[in-house]
Amino acid sequence: MASRGVMVALLLAAVAVSASCAHAQLQEKFYAATCPSVEEVVRKEMVRALSLAPSLAAPLLRMHFHDCFVRGCDGSVLLDSANKTAEKDAKPNLTLRGFDFVERVKAAVEKACPDTVSCADVLALIARDAVWLSKGPFWEVPLGRRDGSVSMSNDTKALPPPTANITRLTQMFAAVNLDIKDLVVLSAAHTIGTSHCFSFSDRLYNFTGMDNAGDIDPTLEPFYMAKLKSKCASLDDNTTLVEMDPGSFKTFDIDYFKLVSKRRGLFHSDGALLTDSFTRAYILRHATGAFKDEFFADFGVSMVKMGNANVLTGSQGEIRKKCSVVNH
């Protein structure tokens with residue numbers, strides 16, 4: 001019996017090692033010899049872009065999220081499709097923006113180091129700098145991802161929707177090896193950026209399917225709901241943008257936790273974080289404002305974990321010359 005137990009333990013260990021093998025191939029200094037200037041090149045483009053349009057930071061961060069949750073962090077969200085069946089053509093990604101900018105950064109990297117740095121790595125560096133240049137944390141980004149060649153709109157079902165409850169959120173994060181702490185930490189990325197009304201207007205007018213002004217989400221703080229209704233006139237509003245963190249939506253800070261603790265989280269998924277004991281405790285702790293450095297450190301750790309999701313490494317995939325098309 002003892003020997004059998006040892007064999008089982010060794011088998012489980014082997015599975016764990018195999019699962020983490022690709023992740024282990026990512027290295028912070030992966031391009032030290034082949035493209036030592038890559039981070040400098042990316043940052044130069046980021047500083048230039050965000051000095052002109054600071055609101056671009058949130059969409060670029062969101063793009064990295066959407067890349068990693070679908071087929072792993074392989075740059076597949078960046079691919080075009082002639083028949084509009086790629087990830088970027090799916091409904092959850094129709095509001096993504098910044099694709100042309102990513103191509104510009106990739107072109108600058110190609111000029112410095114041809115055929116060396118993947119689009120997936122460029123996007124990971126862009127996301128990090130988007131946070132840092134918005135006064136958020138800095139973390140070292142493990143590199144060495146390769147680019148995938150498959151991008152299918154149907155695969156975007158793996159993206160956590162803004163309507164998800166805590167059970168569904170936990171399951172969808174677990175699918176990319178992220179735990180409940182990563183869920184609450186990464187949700188705080190909503191401290192920067194804006195959202196279209198249609199992503200949350202059912203909380204204002206159609207919470208139970210009655211489609212009227214009285215059909216509201218009772219978990220939303222009343223004053224905040226009134227403010228949202230003043231901006232989003234109806235369920236049919238497909239154009240209005242609302243700040244996710246009112247008053248500081250261009251600054252990466254800890255105000256998100258203060259808002260959610262007061263039932264002023266914009267999405268169902270934000271409010272859902274108050275329904276679990278762990279995520280609720282994390283929110284209330286950081287809503288005090290006394291643990292900013294702790295949260296910033298947590299965010300960097302969770303971003304690195306997300307950036308490891310199902311990556312292609314070694315001889316897998318390719319290094320695209322242009323991020324929107326596979327190599328020929």
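Keep in mind that this is a model prediction, so the values were computed, not measured.
In this structure a side-chain-to-backbone donor-acceptor pair under 3.5 Å is present from Tyr205 to Ala233. Here the side chain of Asp215 pairs a donor or acceptor atom with the backbone of Met210 at under 3.5 angstrom. In terms of modelled atom types and a separation under 3.5 Å, the side chain of Asp89 and the main chain of Thr85 share a donor-acceptor contact. Listed for the Asp147 side chain is no donor-acceptor partner under 3.5 Å among the backbone atoms of Gly75. Under the 3.5 Å distance criterion, the side-chain polar atoms of Ser151 are left unmatched by any main-chain donor or acceptor of Ala86. One N or O on the side chain of Asp270 and one on the backbone of Phe267 form a donor-acceptor pair closer than 3.5 Å. Put simply, the side chain of Ser234 gets close to the backbone of Asp236: a donor and an acceptor are under 3.5 Å apart. Distance alone, capped at 3.5 Å, is enough to place a donor-acceptor pair between the Lys88 side chain and the Leu78 backbone. At least one donor-acceptor pair closer than 3.5 Å links the side chain of Thr288 to the backbone N or O of Ala290.
Val301 and Ile283 fall into different hydrophobic clusters, where Ile, Leu, Val, Met, Phe, Trp and Tyr residues are linked whenever their side-chain heavy atoms come under 4.5 Å apart, directly or through other members. By the criterion of side-chain heavy atoms lying less than 4.5 angstrom apart, applied directly or through intervening Ile, Leu, Val, Met, Phe, Trp or Tyr residues, Leu284 is not grouped with Phe295; the two fall into different hydrophobic clusters. Met172 and Val184 are not part of a single hydrophobic cluster, where members link through side-chain heavy atoms under 4.5 Å apart. Linking ILVMFWY residues whenever their side-chain heavy atoms come closer than 4.5 Å, directly or via other members, leaves Val122 and Val326 in distinct clusters. Following chains of ILVMFWY side-chain contacts shorter than 4.5 Å, one cannot reach Phe200 starting from Phe65, and the two form parts of different hydrophobic clusters.
Nearest heavy-atom pair across Ile180 and Phe278 is CG2-CD2, 3.8 Å. Nearest heavy-atom pair across Lys258 and Gly289 is CE-CA, 4.4 Å. Between Val242 and Cys232, the shortest heavy-atom distance links the atoms CG2-SG, 3.8 Å. Contact record, Ala127 with Met303: CB-CE, 4.5 Å, taken as the closest heavy-atom pair. Heavy-atom minimum distance, Asp255 versus Ser248: OD2-OG, 3.4 Å. Annotation for Pro92 and Arg62: closest pair O-NH2, 3.2 Å, computed over non-hydrogen atoms.
Atoms SG and CG, on Cys73 and Leu312 in that order, are 10.0 Å from each other to the nearest 0.5 Å. Interatomic distance, Leu61 CG to Ile126 CD1, rounded to the nearest 0.5 Å: 11.5 Å. Once rounded to the nearest 0.5 Å, the distance linking CG of Asp298 with CH2 of Trp139 reads 12.5 Å. The distance from the SG atom of Cys68 to the CE atom of Met63 is 12.5 Å, given to the nearest 0.5 Å. Taking OG1 from Thr170 and CG from Leu178, the interatomic distance works out to 11.0 Å, rounded to the nearest 0.5 Å. Separation of atoms OG (Ser149) and CD (Glu318) is listed at 6.0 Å; rounding is to 0.5 Å.
Using a 4.0 Å cut-off between a side-chain N of Lys or Arg and a carboxylate O of Asp or Glu, Glu110 and Lys106 qualify as a salt bridge.
Considering only residues two or more places apart in sequence or on other chains, Arg71 meets the salt bridge (charged side-chain N to carboxylate O under 4.0 Å, His left out) condition with Asp155. A search for ring pair (Phe, Tyr, Trp, His ring centres under 6.0 Å) contacts involving Phe69 returns Phe173, not counting sequence neighbours. Residues passing the side-chain contact (heavy atoms from CB on, under 4.5 Å) test with Leu220, sequence neighbours excluded: Arg203, Leu204, Tyr224, Met225, Leu228. The ring pair (Phe, Tyr, Trp, His ring centres under 6.0 Å) test applied to Phe223 returns no partner, not counting sequence neighbours.
Two residues are said to be in side-chain contact when any heavy atoms from C-beta on lie closer than 4.5 Å; Lys227 and Arg264 fail this criterion. Looking at Ser55 and Glu243, their side chains never come closer than 4.5 Å, going by heavy atoms from C-beta outward. Under the 4.5 Å side-chain criterion, counting only non-hydrogen atoms from C-beta, Val102 is in contact with Leu60. The side-chain heavy atoms of Lys305 and Asp179, taken from C-beta on, include a pair separated by under 4.5 Å. Contact of the Asp245 side chain with the Ile192 side chain is not registered, since no non-hydrogen atoms from C-beta on lie closer than 4.5 Å. Taking 4.5 Å as the limit, some side-chain heavy atom of Asn93 sits within range of a side-chain heavy atom of Leu159. Looking at heavy atoms from C-beta onward, Val109 lies out of side-chain contact with Glu45 at the 4.5 angstrom threshold. Under the 4.5 Å side-chain criterion, counting only non-hydrogen atoms from C-beta, Thr95 is in contact with His196.
With 3.5 Å as the limit, one finds a donor-acceptor pair spanning the side chains of Glu103 and Ser324.
The salt bridge (charged side-chain N to carboxylate O under 4.0 Å, His left out) analysis of residues 114-129, with sequence neighbours excluded, yields the pairs Glu39-Arg128, Arg43-Asp129, Asp115-Lys321, Asp121-Arg145.
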Hey, mind stepping through Thr116 and Ile319 against side-chain contact (heavy atoms from CB on, under 4.5 Å) and telling me if it holds? CA-CA 7 Å; Thr116 303; Ile319 303 296; 5.8 Å; no
Starting from the C-alpha separation in whole Å, work towards a yes-or-no answer on side-chain contact (heavy atoms from CB on, under 4.5 Å) for Asp202 and His268. CA-CA 10 Å; Asp202 64 313; His268 287 273; 2.8 Å; yes
Trace of the side-chain contact (heavy atoms from CB on, under 4.5 Å) decision for Leu273 with Arg280: CA-CA 6 Å; Leu273 298 175; Arg280 180 183 178 86; over 6 Å; no
Passes side-chain contact (heavy atoms from CB on, under 4.5 Å), Tyr256 versus Met244? Steps please. CA-CA 8 Å; Tyr256 171 82; Met244 292 192 287; over 6 Å; no
N/O donor to acceptor pairs below 3.5 angstrom from side-chain atoms of residues 160-169, sequence neighbours left out:
from   : atom 1 : to     : atom 2 : distance (Å)
Asn165 : OD1    : Thr167 : N      : 3.2
Asn165 : OD1    : Arg168 : N      : 2.9

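At most 12 non-hydrogen atoms from other residues, nucleotides or ligands lie less than 6.0 angstrom from NZ of Lys322.
The ring pair (Phe, Tyr, Trp, His ring centres under 6.0 Å) test with Phe299 singles out one residue from Phe252, Trp132, Phe257, and that residue is Phe252.
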